[in-house]
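As structure tokens, the structure follows; a few thoughts come after it.
In what follows, every chain begins at residue 1, and chains take the letters A, B, ... in the order their sequences are listed. Only heavy atoms go into these numbers, but all of them, side chains included; no hydrogens, no water, no symmetry mates.
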Amino acid sequence: MPELPEVETVRRVLEKKVLGQTLLSYSLGTPTFYRRPDERFLRSLQGLRVLEISRRGKYLVFNFQSNRSLILHLGMSGRIHFAEDAPQIRAKFHFSKTVVCFQDVRRFGRVMESLPALGPEPLSDDFNADYLASVFKNKKAAVKSVLMDQRAVAGLGNIYATEALYRAQIRPRRKSCRVTFEEIQRIALSAKEVLREAVSCGGTTLPDESYLDPLDRAGSFQNQLKVYGKRICPLGHSVLRTQKMIAGRRAYYCPLCQK
DNA sequence: CAGATAACCTGCGTGC
DNA sequence: TGCACGCAGGTTATCT
């Protein structure tokens, strides 16, 4: 569930709450994540101070002294908070003054030692129409799946890829190699715009409230969604098409607004 | 090899 | 009431 804006919101809270503290110990839940964290690695971080908390795409990065880092990925249902008695806590990190709890109903979240290969940050200047054109070139895959490919650009998931393509007026199923440069410019700008707005809204909290920040605060970008989870286009009063694509992930688009 | 699909999990809503 | 089925913000292993 958490895409770039949600992870960034979590990061900002953590920065305020645990920056500068020392990791004293950790514990894993039973069961823990379906990919069990490497405990030898976790033990090696004990006693180190957190110098920086950053984000790369949808990954949270704790940078410790001695150039060591701890990477967290929230998967589909992961949450970070400080309530030690909550259910489904898969890992706890005891810092000097704060206990960071990683709760995760579906157990897809991950605790790891290093980042995988990722494309550029979508809000950086490295992500622009020229770059995107070079990625789209020669690819026959649906433009939406390329946008959700973290090696192409890091941080877009189903919600924000869907919303960016609506704003850019491009159908999600278009083969990426057949998107014109002018359209690619619109996609790059729309993606930045959607993500910037969503970050400033504190992310998207859908009705099930499975995303809340570490202080249990909801985001508000759900009020700005145009097509994700909707049935009718906000402009044309046209019924949105919704169809499966990409591993059963639903795509929403307006057949009138998007070409 | 690129691109599509299944698998990894749990919980909730729907319909029979 | 009970139960089978479908579906969910993601990633990755496995197919075709």
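Listed pair Q150(A) / dT12(C) fails the phosphate criterion, with no side-chain N or O lying under 4.0 Å from OP1 or OP2. Contact check, K139(A) against dA2(B): no side-chain N or O comes under 4.0 Å of OP1 or OP2. In this structure, K140(A) does not reach the dA4(B) phosphate: none of its side-chain N or O atoms is under 4.0 Å from OP1 or OP2.
With rounding to whole Å, L147(A) atom CG is found 14 Å from dG3(B) atom P. Atom-to-atom, CE of M148(A) to P of dA4(B) comes out at 13 Å; the value is rounded to the nearest Å. The NZ atom of K144(A) sits 16 Å away from the P atom of dG3(B) (whole-angstrom rounding). Across the protein-nucleic acid pair, K58(A) atom NZ and dG10(C) atom P stand 4 Å apart, rounded to whole Å. The separation between L72(A) atom CG and dT11(C) atom C1' is 16 Å, rounded to whole Å. Put simply, CG on L74(A) is 18 Å from P on dT10(B), counting in whole angstrom units. For the pair R36(A) CZ and dC9(B) C1', the interatomic distance rounds to 16 Å; values are reported in whole Å. Taking atom CD on E6(A) and atom C1' on dA8(C), their separation rounds to 14 Å, with Å as the unit.
With salt bridges taken as basic N to acidic carboxylate O contacts below 4.0 Å, none links E3(A) and K58(A).
Side-chain atoms of R106(A) come within donor-acceptor range of the base of dC9(B), with a qualifying N/O pair under 3.5 Å.
In the set dC9(B), dA4(B), dT12(C), dT12(C) carries the atom at the smallest distance from any side-chain atom of R35(A). Among dT11(C), dG11(B), dC9(B), the nucleotide with an atom closest to any side-chain atom of H73(A) is dT11(C). When the nucleotides dG10(C), dT10(B), dC7(C) are ranked by their closest atom to the side chain of R107(A), dT10(B) comes out on top. Comparing atom distances between the Y34(A) side chain and each of dT11(C), dC8(B), dG3(B) picks out dC8(B) as nearest. You'll find that the side chain of V105(A) is closest to dG11(B), out of dG11(B), dA4(B), dG10(C).
In this pair, F95(A) and F64(A) present their aromatic rings parallel. The plane angle is below 30°, not in the 30 to 60° band.
F93(A) meets the ring pair (Phe, Tyr, Trp, His ring centres under 6.0 Å) test with no other residue; sequence neighbours excluded.
For the P atom pair drawn from dC5(C) and dA7(B), the interatomic distance equals 15 Å after rounding to whole Å. dG11(B) and dT12(C) have their C1' atoms separated by 23 Å, given to the nearest Å. Spacing between dA6(B) and dG6(C) at atom C1', rounded to whole Å, works out to 16 Å.
Partner P5(A) forms a side-chain contact (heavy atoms from CB on, under 4.5 Å) with one of Y160(A), F221(A), Y211(A) and no other, that one being Y160(A).
Counting non-hydrogen atoms under 4.0 angstrom, D208(A) reaches a base of the nucleic acid. At the heavy-atom level, S77(A) lies nowhere under 4.0 Å from the strands shown. Using a 4.0 Å heavy-atom cutoff across all strands shown, Y160(A) reaches no nucleic acid atom at all. Here Q88(A) lies in heavy-atom contact (under 4.0 Å) with sugar-phosphate atoms only.
Taking the side chain as every heavy atom from C-beta outward, R217(A) and V13(A) approach each other to under 4.5 Å.
A 3.5 Å limit on both hydrogen-bonding distances identifies dT14(C) as the Watson-Crick or G-U partner of dA4(B).
For CG of N67(A), the number of neighbouring non-hydrogen atoms (other residues, nucleotides, ligands) closer than 6.0 Å is 12 at most.
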